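The model shown is predicted, which means the values in this text are computed figures rather than measured ones.
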2 protein chains.
Amino acid sequence: MKSTNRLSWKYVRDEIHHEILSGRYGPGDRLPRDADIADQLNCARSTVQRAMQDLSDIGLIERRRKGGTRVHPEPVTRATLDIPITRHEVEKKGARYGYQLIRQKEMSAPRTVLAAFELTSPVSMLRIEALHLSDNRPYMLEDRWVCLDTVPEIRDVDLEIHSANEWLVLNRPYTRCDLRFYAISADQKMSEMLGAKTGDALLLIERSTWIDGAPITTVKTITTPGYQLLTSS
Amino acid sequence: MKSTNRLSWKYVRDEIHHEILSGRYGPGDRLPRDADIADQLNCARSTVQRAMQDLSDIGLIERRRKGGTRVHPEPVTRATLDIPITRHEVEKKGARYGYQLIRQKEMSAPRTVLAAFELTSPVSMLRIEALHLSDNRPYMLEDRWVCLDTVPEIRDVDLEIHSANEWLVLNRPYTRCDLRFYAISADQKMSEMLGAKTGDALLLIERSTWIDGAPITTVKTITTPGYQLLTSS
DNA sequence: TGACATTTTAAGTAGCTACATATTACCGTT
DNA sequence: AACGGTAATATGTAGCTACTTAAAATGTCA
């Protein structure tokens with residue numbers, strides 16, 4: 001009976017979580033100091049600290065030095081999304097993955113691409129258009145721009161064989177990643193590529209990555225009709 | 001010069017991150033034991049542990065007791081989304097928030113709603129349809145089902161005044177939340193409500209919440225044309 | 001050789017201490 | 001009352017020790 005009377009930080013976390021949401025503490029309210037909670041629950045401050053850190057991570061509370069801990073005044077639903085390499089996504093569904101390079105061309109980045117990277121001066125980039133297939137049927141269309149200053153090696157990659165998606169994820173770690181989701185209507189070109197009807201509603205995922213402030217790539221991933229993005233846990 | 005020669009866990013994390021992605025360790029490779037890394041970097045194991053925990057959180061590595069630490073074999077892009085209460089979202093943009101209840105009715109949950117909750121037997125629910133406004137213009141349409149067994153108090157809430165969205169987030173904490181994003185074409189009814197054109201592509205956010213296994217609510221949030229969802233950090 | 005029990009190992013957790021750091025709170029001066 | 005410097009304080013971080021636990025590795029026996 002030694003282990004049972006030690007409180008785990010998860011227990012402490014759930015205890016506090018429960019107290020908060022039973023109405024004992026409402027949005028904006030200040031919670032007792034870590035040390036006091038530790039006393040009260042008869043555990044170490046470090047245990048409370050870990051519990052609080054977790055609650056802070058999920059957006060339930062806000063912590064500030066000296067300011068103390070308070071319940072987040074504007075509760076948010078915080079969710080985590082995992083976006084795998086497209087090949088893995090297809091294979092996990094039990095389908096056969098295929099890939100087609102549509103076009104690649106070196107050119108100066110247009111205004112919209114520069115904007116995605118928060119840049120103003122012109123940059124030389126490689127534009128790559130490709131189609132991902134699932135059991136020989138169109139699955140995703142990608143329209144990608146890769147910064148040649150940051151990733152010159154992309155020129156030596158045979159993009160007929162290796163998808164830029166996979167090559168970049170495996171070879172180019174990033175320190176910042178912005179994502180953006182929205183819906184568009186398929187235009188004629190897209191619908192042909194994706195085997196959809198013109199006007200179909202499509203989910204679009206836009207992703208831009210940087211390494212230490214330097215732009216790596218920005219990509220518009222256009223999904224097929226009916227595609228759904230789910231949270232992981 | 002006392003503080004500078006203590007390594008912070010963030011430094012350790014970045015060091016390992018860097019090693020991994022300079023190619024020193026590739027996907028699936030096993031990393032040294034925490035204790036060895038601690039020795040090598042001349043810091044405490046607990047510092048390495050914290051660094052590793054963080055890398056594990058962002059999906060870069062996988063850790064298993066006895067199995068050790070290895071680089072995630074299938075790298076994923078992990079992103080965090082914050083979905084605020086709609087009123088806060090509108091007000092943060094500097095617009096005036098408005099809300100209209102369209103309809104509410106108690107009824108047995110249809111098959112699709114039961115499916116969202118992974119239930120099979122019929123359940124009595126309150127269906128709520130409402131419109132969120134931004135500066136008097138349609139902003140979001142919500143189609144919600146609230147489980148009356150789990151949240152009987154919803155009957156006493158005046159939904160003409162309080163949006164179910166806000167009331168639930170403030171009063172009904174959840175232990176599980178599933179999200180789903182996809183695109184649909186606006187049908188006649190939606191386009192009328194949202195002031196869009198029939199056939200417009202709309203982003204739809206579906207959210208279901210539970211408290212300790214008991215269903216709370218499931219809601220389809222239909223956004224206006226052009227709506228974009230962004231990652232937080 | 002294969003199934004099962006045992007040992008070993010590496011991460012996970014809890015507690016303690018000491019110190020760092022960001023703010024808030026306070027107080028004195030102008 | 002406004003300003004500015006100082007003290008007080010709650011969280012954040014690092015290090016150490018000790019113990020727990022999941023799971024891989026090994027050994028044992030049929």
Give the rounded distance in Å between these two atoms: [atom1] of [X] and [atom2] of [N].
X     : N      : atom1 : atom2 : answer
B:R33 : C:dG12 : CZ    : C1'   : 14 Å
B:Q53 : C:dA10 : CD    : C1'   : 14 Å
A:D34 : D:dG12 : CG    : P     : 7 Å
A:R50 : C:dA11 : CZ    : C1'   : 12 Å
A:Y11 : D:dT20 : OH    : P     : 20 Å
A:D39 : C:dG15 : CG    : C1'   : 14 Å
B:W9  : D:dG12 : CH2   : P     : 11 Å
B:E62 : C:dA10 : CD    : P     : 18 Å

Can a side chain N or O of [X] be found less than 4.0 Å away from OP1 or OP2 on [N]?
X     : N      : value
B:T69 : C:dA10 : no
B:R64 : D:dA24 : yes
B:Q49 : C:dG12 : yes
A:R63 : D:dG12 : yes

As a test of reading the structure: which of [options] is closest to the side chain of [X], going by heavy atoms?
X     : options                : result
A:K66 : C:dA20, C:dA25, C:dG12 : C:dA25
A:T47 : D:dG15, D:dT21, C:dG15 : C:dG15
B:A44 : C:dA11, C:dA18, D:dC16 : D:dC16

Under 3.5 Å, is there any donor-acceptor pair linking the side chain of A:R65 to the base of C:dT23?
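By the distance-only test, no, there is no pair.
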
If every non-hydrogen atom of B:L170 is compared with every non-hydrogen atom of A:P75, which pair is closest and at what distance?
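For B:L170 versus A:P75, the nearest heavy atoms are CD2-CG, 3.5 Å.
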
Categorize A:R70 for me: base, sugar-phosphate, or nothing, with a 4.0 angstrom heavy-atom threshold over every strand shown.
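Nothing, no nucleic acid heavy atom in range.
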
Within the structure provided, determine whether A:M140 and A:L131 are in side-chain contact (heavy-atom separation under 4.5 Å).
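Side-chain contact under 4.5 Å: no.
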
Salt bridge present between A:D143 and A:K220 (N-O < 4.0 angstrom)
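The answer is no: the pair does not qualify as a salt bridge.
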
How about B:F117 and B:W210: are their ring centroids closer than 6.0 Å?
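Yes: the rings meet the under 6.0 Å criterion.
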
Spatial distance of atom CD (A:E206) from atom OH (A:Y182) [nearest 0.5 Å]:
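Going from the CD atom of A:E206 to the OH atom of A:Y182 covers 4.0 Å.
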
